[in-house]
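Take a look at the structure below.
All chains are named by letter (A, B, ...) in the order of the sequence lines, taking the proteins before the strands, and each is independently numbered beginning at 1. No hydrogens, no waters, no symmetry mates; every other heavy atom, side chains included, goes into these values.
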2 protein chains.
Amino acid sequence: MNGRHSGRPTLEEVAVRAGVGRGTVSRVINGSPRVSDRAKAAVEAAIAELGYVPNRAARALAGNRTDAIALVIPEPETRLFAEPYFSDIIRGIGAELADTDMQLLLTFIRTPKERARFGQYLAAHRVDGVLLVSVHEDDPLPDLLEQLEMPAVLNGRRSDLESVSYVDADNVGGARAAVAHLFARGRRTVATITGPPDMYVARCRLDGYRQAVEAAGSAGASSELVARGDFTEEGGRRAMRELLVRRPDIDAVFAASDLMAAGARQVLRESGRQVPSDVALVGFEDSAIARHMDPALTSVRQPTEEMGRTMARVLLEEIAERASVRRHVVLTTELVQRDSV
Amino acid sequence: MNGRHSGRPTLEEVAVRAGVGRGTVSRVINGSPRVSDRAKAAVEAAIAELGYVPNRAARALAGNRTDAIALVIPEPETRLFAEPYFSDIIRGIGAELADTDMQLLLTFIRTPKERARFGQYLAAHRVDGVLLVSVHEDDPLPDLLEQLEMPAVLNGRRSDLESVSYVDADNVGGARAAVAHLFARGRRTVATITGPPDMYVARCRLDGYRQAVEAAGSAGASSELVARGDFTEEGGRRAMRELLVRRPDIDAVFAASDLMAAGARQVLRESGRQVPSDVALVGFEDSAIARHMDPALTSVRQPTEEMGRTMARVLLEEIAERASVRRHVVLTTELVQRDSV
DNA sequence: CTGAAAGCGCTAACAC
DNA sequence: GTGTTAGCGCTTTCAG
């Protein structure tokens, strides 16, 4: 015997109690305007008395939707972006969804097999929309989503011409502000440690650096002052060592991630240089680890939680209006000055 | 017109294709043994050809279940426990659920209102089970869960007599090992900074400290050597200052959280003491922030990701067997020695 | 072993 | 405006 009739009230019982038809109850629940105030009141009273809560499954089945959205997390990234970034994004999404009936599903993609499975998942319409974080340029998921006409919002974008909706931080502006800050403080030889060139976010931050260098009317962005990192701490160390060899006269460094800034700082200190008196250092705050590694490290902060909220909001809008209008939002960053450069 | 018939194959179509009845297809899908190999093969072939994926909503409606579990996150905690702890737990849960058809739902509880809403949520059977992290002694949720006979697993426990299933770390053993380590290294006057006494985890760590002190045949756990913190960095600073006033001769400190250890370290350094040469410091790694704050800080590490995996596994078992058998799992901790005390 | 049939609780036409 | 009526796609008896 199946647990038929679990004991909790159904829409039908509410209808009987309120002395109306099921359709009317359904209309009230779904906020249809085509209901008399009288009927509406009766239904609401009945719902309250019975403690009625609609059955999601039934609603999903009949309505051909799920009232759920998926947050896709590519596993390799969580370790790097990890920590605060990740949980801030989730917190933001959760906050935006709190007043909704939308459920947030977490989906990890670790292996190609899981990626394939997620494709099926989407095809099976098991969610109404998808939120994607840390998308790579060669990620096939966004295209799949588009092809399936599944509402989706990325955090960050694959390139300038991103077609899918996205919410991003103003990486160019943030980097420019950081580097301008260094020049304004009297630094002359400002180097940068970049992220992987195949990541759009890394290119943006490099662009910002270059713009600030040009604006400062400096000797121009000497390629000697640009070292490539990979957003990791170890990458930051390597890049910093290179820079020190190529240009021992460096008096400031803009690292395109806080992890790289932390690595660079270690190398600088080992080399006997004082930070920031000898070499000023500014990081881009991706993981907020900077907060803990060095409370005095000036950095460009992204509004991570707000990005999460915005992503959710944009997705909900996209789900609501069937039309596939793409939205592109770029949130400003903030330079948090903590040192005395 | 509603998007009736979304285009993707239904169980019925599979049945036709395989030349069997719907019931048989259902049995194959659900791995019932009462199906002939012949029929099974035909059905599997049809499923593959059609790319059939069962409709969750329909299945949930008919089967009176949801195939989803909720991870409940009390908001105030995420900031403290935050970061790696939080994401490690989630990662572990995700890993365990990967091969299942179970979905992971994230539920934040920020306000009393949301707490009430979650009660309804549970009563409405919108999930098959619940995972709770950072439970407080006075949290009403576990009792509600028990009363509703809803499968549930806690991370940590409210007290020695926890009735609900839980997965916890061996806090007593970890603390004991940490303090024993300090004595073994020749330290004589070992103080401790505790967590709030109304948290079971804090009491366990204090117990571990006391056991080690007694075992070392020390002068006994002088209450002068015990200062109360609240698991925060600021609390660690306050407690450390107190200790320094009461017993300037301290040569080691066991802090019951890494955040407090970080606070203590600051105070020690400001007071001119060298860490660890003058005063050795060991923290309990809750947020793994220690890793970033001071790579050389020895600490007791909890198997966070494994706790997540175990929680999920235990919950799935509890859901599978209708019987309400409680399981209590305590995972061992590990002393990660990073200094040269 | 397997087909047929009866719902699960809700939404969305469709009449009135 | 509102009741009635079909299903949504699946699981689970119940006969055979």
Query raised in the report: Residues two or more places apart in sequence or in another chain: which of them pass ring-ring contact (aromatic ring centres under 6.0 Å, His included) with Tyr200(A)?
Result: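 Scan of Tyr200(A) (ring-ring contact (aromatic ring centres under 6.0 Å, His included), adjacent residues dropped) gives none.
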Under the side-chain contact (heavy atoms from CB on, under 4.5 Å) test, residues paired with [X] that sit two or more places apart:
X: Leu316(B); answer: Leu97(B), Thr100(B), Met102(B)
X: Glu96(A); answer: Arg309(A), Ala312(A), Arg313(A)
X: Pro9(A); answer: Glu13(A), Leu50(A), Tyr52(A)

Go through the structure and list residues passing side chain to side chain donor-acceptor pair (under 3.5 Å) with [X], not counting sequence neighbours.
X: Arg117(B); result: none
X: Asn30(A); result: Ser26(A)
X: Glu114(A); result: Arg110(A)
X: Gln120(A); result: none

Requested in this report: Carefully, step by step, assess Lys40(A) and Asp37(A) under the rule salt bridge (charged side-chain N to carboxylate O under 4.0 Å, His left out).
Outcome: CA-CA 5 Å; Lys40(A) 191 175 167 197; Asp37(A) 289 348; 5.9 Å; no
Within this structure, what is the [atom1]-to-[atom2] distance between [X] and [N], rounded to whole angstrom?
X: Asn30(A); N: dC10(C); atom1: CG; atom2: C1'; value: 9 Å
X: Arg59(B); N: dC10(C); atom1: CZ; atom2: C1'; value: 20 Å
X: Glu12(A); N: dC8(C); atom1: CD; atom2: P; value: 9 Å
X: Glu13(B); N: dG9(D); atom1: CD; atom2: P; value: 8 Å
X: Ile29(A); N: dT11(C); atom1: CD1; atom2: C1'; value: 10 Å
X: His125(B); N: dG9(C); atom1: NE2; atom2: C1'; value: 15 Å
X: Arg56(B); N: dC10(C); atom1: CZ; atom2: P; value: 19 Å
X: Leu61(B); N: dA6(C); atom1: CG; atom2: P; value: 17 Å

Query raised in the report: Just one of Gln302(B), Arg157(B), His328(B) clears the side chain to side chain donor-acceptor pair (under 3.5 Å) bar with Asp168(B), so which one?
Result: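 Per the side chain to side chain donor-acceptor pair (under 3.5 Å) rule, the option paired with Asp168(B) is Arg157(B), out of Gln302(B), Arg157(B), His328(B).
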Please tabulate, one pair per line, each protein N/O and nucleotide N/O from nucleotides 1-3 of chain D that are separated by under 3.5 Å, including the distance.
residue, atom, partner, partner atom, Å
dT2(D), OP1, Ser36(A), OG, 2.4
dT2(D), OP2, Ser36(A), N, 2.5
dT2(D), OP2, Ser36(A), OG, 3.2
dG3(D), OP1, Gly21(A), N, 3.4
dG3(D), OP2, Gly21(A), N, 2.7
dG3(D), OP2, Thr24(A), OG1, 2.4
dG3(D), O5', Gly21(A), N, 3.3
dG3(D), O6, Arg27(A), NH2, 2.5

Query raised in the report: Does any residue of residues 44-55 of chain B have a heavy atom under 4.0 Å from DNA chain D, and if so, which ones, in number order?
Result: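 The stretch gives Tyr52(B), Pro54(B), Asn55(B) as the residues lying under 4.0 Å from the strand, ordered by number.
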**Report entry** Presence of Ser26(A) side-chain N/O under 4.0 Å of dT11(C) phosphate oxygens OP1/OP2
**Finding:**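 Result: yes.
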Query - Qualifying salt bridge (Lys or Arg N to Asp or Glu O under 4.0 Å) pairs, either residue in residues 22-35 of chain B, two or more places apart - result: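 Sorted result for residues 22-35 of chain B: Glu12(B)-Arg22(B).
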Query - Angle between terminal axes - the helix from dC1(C)-dG16(D) to dC16(C)-dG1(D), 5 pairs each end, rounded to 10° - result: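 The angle, to the nearest 10 degrees, is 40°.
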